Amino acid sequence: QESKSAMDFSDIALLLVAGGKSSRMGQDKRFLPLDGEALLARTLRKGRAAGFRSIVLAAEGARSDLAALAEEFGATLVTDEVQAQGPAAAIAAGLRAAKTEWALVLSADMPFYDFELVRALLPAAEGETQVVLPTLLGYWQPLAALYRRDTGAAFAAAIARGDRKLGIILRELAVREISLTVDAGLFFNVNTPAAYRLARGRLANEQRTKPILSVAAPTSGTGKTTLIEKLIPLLARRGVRTAVIKSDSHGFNLDTEGKDTARFMTAGAEAVAVSSPDGYFIQQKANCRKDFQNLITQMDSDSLDLYITESRSRGVLPTLMLYRGMGEPESDERVVALFAKNCTDDGILCADLDDMDTAVRLALFLMGRPLYGADGEIFLTL
């Protein structure tokens, strides 16, 4: 028999767990749009591109839209035999339909999952092992694991006796844990409106040459500058080099009266540039406000990892909105989190105005950086 360590994507099936209850989201999360395609379609497309021998799409019931997606991506659609049993029923039905000895069981609501992670699991799929279970800092990831086909019967039996929790069923199986040290955002689930906002923000940055984080507030005096001032060194400790672009409605001068640059501008120069061993700056007159993206293209991106913009209402996706009881905070699609006192909005991630820990972790997530450090904490289990 061929060694299981030699297996590749072409030897295993992909089983997508795509239940449709979406009770926390309030709408069918499988068809939420992400960059012009539905969340489920995005996962199917990535899975098809990875080269699995086959794809099984497990849902709670048959629907024409699910059948159409399955046909589009060459997947086999299966449905739960017992309703309202969560992922356990999907695993039981999906593994029964699988044609390979092993299958990657993956939650369909992980838009940033990297299928290359499977390569770290494949060598352990051998011998008496029934489940190759990735862990992230000690946390199990059962919906991103390799399952041997015969474990489907164990899930079906567990459901029949009234057990549906994955943790209970897994303890009856021969599990091999594989510890991963990767960006926890790869396992991020889009299962709430707040999580959907964050996913859209991260996706927007994935499409940029360098990520952007906007900090905005409805009025001045809310603490935007203070938050950014605190955020910069905290990110620097994690190796993130930042540039800040500020929108100022009152005008500005980079130099004080009497200094050379101020004298040049007063004399009528349209632009002044200063270069020194420590860096450079350019001040240029214009008859209109330049947008942030225009300014970003003029910066030396090779020495930067993140652009932070500060403004009242000109932030881009993703924006952190600050609120201190003055004015009315915006909550349109650009805003991914609200920093305020006593925030209780279920549709957006809320944090206290002084919660710099959350601010740092949000910035890291939105720019696709690892969400944990020496403290070993994982962020954003929404």
Side-chain angles (χ1 to χ4, degrees), residues 14-35 37-47 57-61 63 65-66 69 79-80 83-91 94 104-115 117 133-137 139-145 164-167 170 182-204 206 317-318 331 333 335-338 343-351 358 361-362 364-366 368 371-372 377-382:
L14 170 61
L15 167 53
L16 289 181
V17 177
K21 191 174 181 181
S22 300
S23 57
R24 299 177 67 194
M25 182 64 72
Q27 59 180 305
D28 194 334
K29 63 184 177 181
R30 297 173 297 189
F31 295 94
L32 289 172
L34 280 177
D35 190 30
E37 64 181 341
L39 173 59
L40 178 55
R42 174 184 172 88
T43 309
L44 281 164
R45 173 179 56 78
K46 291 172 62 179
L57 178 59
E60 80 295 343
R63 286 177 28 170
D65 48 8
L66 292 174
L69 271 181
T79 57
D80 298 347
Q83 297 296 304
Q85 298 302 307
I91 294 173
L104 171 68
V105 172
L106 183 71
S107 177
D109 64 358
M110 292 183 182
F112 306 112
Y113 182 79
D114 185 352
F115 284 100
L117 296 178
L133 182 65
T135 67
L136 194 63
L137 297 171
Y139 291 86
W140 284 6
Q141 305 296 326
L143 292 181
R164 52 174 288 188
K165 293 184 177 180
L166 300 187
L170 285 171
V182 296
D183 172 16
L186 301 181
F187 297 96
F188 181 72
N189 297 98
V190 179
N191 51 22
T192 67
Y196 180 46
R197 285 178 179 261
L198 292 168
R200 290 185 64 254
R202 175 161 168 154
L203 182 60
E206 281 189 353
L317 178 68
S331 59
E333 61 182 14
V335 181
V336 300
L338 177 62
C343 173
T344 57
D345 190 334
D346 292 334
I348 192 169
L349 178 66
C350 290
T358 293
R361 296 176 185 220
L362 267 174
L364 293 172
F365 172 81
L366 292 167
L371 302 180
Y372 54 86
E377 295 178 273
I378 300 178
F379 179 46
L380 294 177
T381 53
L382 295 175

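These values consider heavy atoms only, across backbone and side chains, with no hydrogens, waters or symmetry-generated copies. Quick caveat: nothing in here was measured; it's all calculated off a predicted structure.
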Interatomic distance, Phe112 atom CZ to Glu206 atom CD [nearest 0.5 angstrom]: 5.5 Å
Gap separating the CZ atom of Arg202 from the CG atom of Leu362, nearest 0.5 angstrom: 12.0 Å
Over all atoms of both residues, closest heavy-atom pair of Leu57 and Leu40: CD1-CD1, 3.9 Å
Note, Thr43 side chain near Tyr113 side chain (heavy atom, < 4.5 Å): no
Considering all heavy atoms, the nearest Pro134-Ala144 contact: CG-O, 3.1 Å
Close side-chain approach of Ile348 and Pro193, heavy atoms under 4.5 Å: no
Residue pair Asp109 / Met25, side-chain heavy-atom distance below 4.5 Å: no
Leu15 to Gly94 - nearest heavy-atom pair and separation: CD1-CA, 3.6 Å
Pro318 versus Val336, closest heavy-atom pair with distance: CB-CG1, 3.7 Å
Distance, nearest 0.5 Å, that separates CE of Met110 from CG of Leu143: 6.0 Å
Side chains of Leu349 and Arg197 in contact at under 4.5 Å (non-hydrogen atoms): no
Min side-chain heavy-atom separation Lys29-Val190 under 4.5 Å: no
Trp140 vs Leu170 side-chain heavy atoms within contact, under 4.5 Å: yes
Matching residue for Arg63 among Thr79, Leu69, Asp28 - test: side-chain contact (heavy atoms from CB on, under 4.5 Å): Asp28
Glu333 vs Leu317 side-chain heavy atoms within contact, under 4.5 Å: no
More than 12 heavy atoms from other groups under 6.0 Å of CD on Glu37: yes
Closest heavy-atom pair and its distance - Asn191, Ala195: N-CB, 4.0 Å
Side chain proximity check, Arg361 to Phe365, heavy atoms < 4.5 angstrom: no
Pairwise distance NZ(Lys46) to CZ(Arg42) - rounded to 0.5 angstrom: 5.0 Å
Euclidean distance, Tyr139 OH relative to Phe187 CZ, rounded to 0.5 Å: 14.5 Å
Pair Ile91-Leu166, side chain to side chain contact (heavy atoms under 4.5 Å, CB included): steps then yes or no: CA-CA 10 Å; Ile91 294 173; Leu166 300 187; 4.1 Å; yes
Minimum-distance pair of heavy atoms, taken over all atoms of Leu338 and Cys343: CD2-SG, 3.7 Å
CG-CG distance between Asp35 and Leu203, expressed to the nearest 0.5 angstrom: 5.0 Å
